[in-house]
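Remarks on the structure that follows.
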Amino acid sequence: MNGCIQFGALLMYLFCIPSTSVAQTEIGTLNNRRKIIRAAIKDAQKHPYTIWLNEGETAQFRLEQKGIGLKSPSLDSNGNRLKKFNRLNGRFDPEFIPLTSAASGFPSIELTLREVRQTSGNYEVLLHKKVPEIAGLTDRLDALFLPWDNKENPGVAVAVISKGLVIYKKGFGMANLEYGIPITPETIFHIASVSKQFTIFALLLLEKEGKLTLDDDVRSYLPSLPDFGDKITLRHLASHTSGLRDQWNLMALAGWRLDDVITREQILKMMSLQRELNFKPGEEYLYCNTGFTLLAEVVARVSGISFAEFTRKHIFEPLRMNHTSFYDDHEKLIKNRAYSYYLDSTGYKKSVLNYATVGATSLMTTAEDISHWALNFRIPKVGDIEMINEMNTPARLNNGTRISSALGQFTGKYNGLQEIQHGGADAGYRSYFGRYPEQDVSIALLSNAAEFDAAGMAHKVADILFAFQVTPAGNMPLASVSNRAIPLVPDQKVLETYVGTYELEPDLFITITIGKGILSARVSGQAVMALIPLSDAEFVVDGTEAVISFLPEPNGHSRLMQLAQGGEVMDAHRVAEFTLTPGELAAYPGNYYSDELGTEYRILEIDGKLIARHHRHSDIELEAVGKDVFRSDTWFFRQLVFDRNEANKVRGCRISSGRVRNLRFQKLPNRNYP
């Protein structure tokens with residue numbers, strides 16, 4: 001999902017396109033009268049469009065893809081590749097492509113087919129907007145968000161706070177596409193998981209009053225939560241170290257859609273039925289929304305008023321966050337709200353959100369109001385510096401290891417700078433709030449477009465503010481990745497040895513495929529991404545700064561892949577190919593029930609494949625990866641492991657999905673189903 005850009009400038013003609021048929025090396029022309037160029041493109045063709053730009057000028061082009069996926073690297077006047085444009089919106093939506101010139105000359109954009117399965121298609125391109133030479137900070141930030149500055153797509157509200165002042169706040173795009181309502185800094189957005197830090201702040205206010213401590217047992221306040229045999233503290237909940245299973249994964253496994261009405265009461269009832277944890281409290285870190293739903297309930301029960309009312313009275317009103325509230329009623333009207341959207345082959349669609357649960361999510365706020373929140377970290381008007389320091393302090397595991405998770409936010413480094421941040425994603429809403437305490441800078445981005453890369457764009461804002469050169473999490477600087485005039489062509493026989501499935505986590509897989517001499521990677525439940533070669537063994541994931549490296553063994557085959565991203569390097573081991581005979585598959589079909597979820601799955605064998613069926617979900621195809629072990633691409637149903645009894649008969653199974661581990665299902669006696 002994601003990404004954004006910069007643009008503008010002065011055009012000159014080079015060559016003409018006489019018709020919609022374009023040769024591989026022919027150059028297109030665009031003029032300043034918004035003339036539309038219509039063209040057809042075929043496999044392996046490159047369509048350059050060249051303009052004259054003075055130093056520092058930018059140009060923005062509009063690309064309309066007619067059912068095809070295009071990519072558009074840009075070249076400087078000498079033919080060297082600049083950083084590639086990759087908004088990745090899809091095949092049908094309009095893209096807004098930037099071209100910025102560091103020196104006067106004739107830079108160009110170069111259109112090629114993105115997807116290896118496509119061989120031809122049509123598109124339209126025209127000059128959309130011109131921006132004069134960029135000099136000041138405001139101009140640079142305006143140019144960054146130009147792709148969203150139109151009436152045809154959702155967009156983003158931005159606020160930048162530096163040294164106690166709001167130095168930049170603007171809205172781009174539309175809050176409501178049906179009624180043509182633009183986004184402003186006062187537009188209200190659902191900010192998803194960025195809500196969590198407000199939940200922590202409410203908890204710390206009660207601790208300051210002596211009404212609770214973070215080391216209290218959560219069951220002291222919520223006795224309906226089962227006794228798992230180990231004490232779970234409020235601190236465990238606040239730092240994602242409780243071991244509790246995540247509420248969204250559980251609800252999806254139970255048959256809920258995430259656009260269903262989901263309430264606090266339903267989540268509390270579901271948690272009261274749980275019998276096992278993912279791990280012992282404090283032993284590991286694993287992101288868990290459930291903990292923050294429970295913390296909001298603790299705040300409500302201790303204070304004697306609803307969580308929404310407590311935060312309004314004790315946080316939002318004192319900070320003059322007049323357009324901020326926790327949304328605990330899915331039918332409540334919110335004036336000036338941005339609606340969320342996602343893209344499919346028909347264009348933008350509503351991305352419906354019906355949450356009536358708070359704590360982990362559901363804060364409604366504006367870029368303007370978030371600015372007040374940012375300023376409170378600098379000189380607290382609500383709370384005090386001790387509370388701020390406690391929020392900012394990374395948590396420790398039982399063995400003493402510090403983790404990046406603080407309380408309701410994450411600590412780390414960006415380009416060597418201390419960064420405290422959290423992002424959010426629910427329905428089509430995307431948000432990011434990052435603070436750089438050493439520079440006294442905060443950045444907030446609130447979007448209503450599912451494809452918007454809020455974290456990536458916030459970091460581009462930081463790059464402009466701090467004038468840093470971004471380096472991806474591999475060994476090669478970004479400049480050396482993106483400035484190749486001639487793309488590297490790896491040995492095809494070597495590429496074929498990388499094809500296969502690699503296990504990144506116990507229930508998270510990366511599948512490597514090859515087509516037309518290009519490697520692609522697909523993470524379980526996500527889109528296919530092309531791999532751009534840096535060498536025969538090292539690749540950049542297209543549209544990201546992630547680097548994948550393969551470590552071949554003496555026999556020439558790679559059994560280990562490494563993924564470098566965000567300063568971390570993770571190993572992924574190749575999964576050995578595994579097949580089952582029809583006779584072996586026959587052991588698994590049946591009906592499986594979970595009393596922790598109150599739901600049932602039917603496992604069927606259809607055309608030699610195992611299928612998991614639930615009456616509220618699409619069928620889930622299961623792939624065997626070992627004896628009694630299967631995987632799928634469904635985000636909430638990544639791995640299924642069958643259990644056998646002493647007689648070697650299948651008696652049940654355990655399902656895992658990243659934030660839920662080993663949820664048990666019992667095989668029921670045979671029943672006849674249609």
Side-chain angles (χ1 to χ4, degrees), residues 1-2 156-161 169 183 185 187-204 237-240 246-248 287-293 295-296 307-308 311-312 315-316 319 321 323-328 334 337-338 340 351 353 355 357-377 382 388 391-392 404-412 414 419-437 441-450 452-459 461-462:
M1 359 168 154
N2 314 60
V156 58
V158 186
V160 180
I161 304 93
K169 60 176 181 178
I183 290 172
T187 299
I188 295 175
F189 291 83
H190 169 106
I191 64 169
S193 288
V194 179
S195 309
K196 290 180 171 67
Q197 58 196 272
F198 294 88
T199 303
I200 295 301
F201 203 75
L203 197 73
L204 292 176
L237 301 178
S239 58
H240 302 283
D246 190 82
Q247 60 193 38
W248 304 131
Y287 195 91
C288 180
N289 287 285
T290 311
F292 288 80
T293 299
L295 288 176
F307 179 72
T311 51
R312 181 190 65 79
I315 300 176
F316 306 141
L319 290 179
M321 298 175 69
H323 303 289
T324 300
S325 63
F326 269 101
Y327 195 65
D328 57 0
I334 300 288
R337 169 170 51 174
S340 72
S351 191
L353 189 66
Y355 291 170
T357 177
V358 294
T361 183
S362 297
L363 186 70
M364 293 286 195
T365 191
T366 70
E368 173 78 29
D369 279 8
I370 285 289
S371 300
H372 296 301
W373 176 244
L375 293 171
N376 196 61
F377 283 99
V382 177
I388 302 298
M391 284 185 69
N392 294 346
S404 63
S405 177
L407 300 182
Q409 47 192 352
F410 294 95
T411 62
Y414 177 69
E419 182 183 48
I420 304 173
Q421 54 78 25
H422 208 304
D426 279 337
Y429 295 106
R430 299 292 181 265
S431 58
Y432 191 85
F433 177 59
R435 297 187 289 116
Y436 303 87
V441 165
S442 298
I443 299 169
L445 274 68
L446 315 181
S447 175
N448 59 337
F452 187 82
D453 179 7
M457 287 301 292
H459 286 156
V461 172

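- Residues Thr361 and Phe292 are not in side-chain contact: their nearest non-hydrogen atoms beyond the backbone lie 4.5 Å or more apart.
- One finds the CG atom of Leu237 at 10.0 Å from the OG1 atom of Thr293 (value rounded to the nearest 0.5 Å).
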Working for side-chain contact (heavy atoms from CB on, under 4.5 Å), residues Phe452 and Tyr432: CA-CA 11 Å; Phe452 187 82; Tyr432 191 85; over 6 Å; no

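- Side-chain atoms of Ser340 and Asp426, non-hydrogen and from C-beta on, never get closer than 4.5 Å to each other.
- Considering all non-hydrogen atoms of both residues, Ala450 and Ala427 come closest at CB-O, 4.5 Å.
- Looking only at side-chain heavy atoms (C-beta outward), Thr365 and Phe198 stay at 4.5 Å or farther from each other.
- The CE atom of Met321 sits 9.0 Å away from atom OG of Ser371, with the distance rounded to the nearest 0.5 Å.
- Between Tyr355 atom OH and Leu353 atom CG the span is 6.0 Å, to the nearest 0.5 Å.
- Taking the side chain as every heavy atom from C-beta outward, Arg435 and Asn392 approach each other to under 4.5 Å.
- Looking at Phe377 and Ile161, their side chains never come closer than 4.5 Å, going by heavy atoms from C-beta outward.
- Looking only at distances, a side-chain donor or acceptor of Ser362 sits under 3.5 Å from a matching main-chain atom of Thr357.
- Between the side chains of Ser431 and His190, no donor N or O sits under 3.5 Å from an acceptor N or O.
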Stepwise side-chain contact (heavy atoms from CB on, under 4.5 Å) check, Val358 with Thr199: CA-CA 9 Å; Val358 294; Thr199 303; over 6 Å; no

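- Of all non-hydrogen atoms in Ile334 and Ser325, the two that sit nearest each other are CD1-OG, 4.3 Å.
- By the side chain to side chain contact (heavy atoms under 4.5 Å, CB included) test, Ala157 pairs with Ile183, Phe189, Ala367, sequence neighbours left out.
- Between His422 and Phe433, the distance from one ring center to the other does not fall under 6.0 angstrom.
- The two atoms that bring Gly359 and Ala296 nearest to each other are CA-CB, 3.7 Å, heavy atoms only.
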Full working for side-chain contact (heavy atoms from CB on, under 4.5 Å) between Phe326 and Asp328: CA-CA 6 Å; Phe326 269 101; Asp328 57 0; 5.8 Å; no

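- Minimum heavy-atom separation, Pro437 to Ile420: CG-CD1, 3.8 Å.
- Taking both residues in full, the closest heavy atoms of Ser405 and His240 are given as OG-CD2, 3.5 Å, listed atom of the first, atom of the second, then distance.
- A side-chain donor-acceptor contact under 3.5 Å links Gln409 to the backbone of Met391.
- With a 4.5 Å cut-off on side-chain heavy atoms, Trp373 and Ile315 count as touching.
- Note that CD1 of Ile443 and CD of Glu419 are 8.0 Å apart. Values are rounded to the nearest 0.5 Å.
- Here Ile191 contributes atom CD1 and Tyr429 contributes atom OH; the two are 12.0 Å apart, rounded to the nearest 0.5 Å.
- Under the side chain to side chain contact (heavy atoms under 4.5 Å, CB included) criterion, His323 pairs with Ile188, Thr366, Asp369, not counting sequence neighbours.
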Candidate pair Asn289 and Ser193, rule side-chain contact (heavy atoms from CB on, under 4.5 Å), full reasoning: CA-CA 8 Å; Asn289 287 285; Ser193 288; 3.9 Å; yes

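- Formation of a donor-acceptor pair under 3.5 Å by the Ser447 side chain with backbone atoms of Val156 is not found in this model.
- What you find for Gly424 and Val194 is that their closest heavy atoms are N-CG2, 3.9 Å.
- Between His459 and Tyr414, the ring center distance clears the sub-6.0 Å criterion.
- Ser404 places no side-chain N or O within 3.5 Å of a backbone atom of Thr411 that could act as its donor or acceptor partner.
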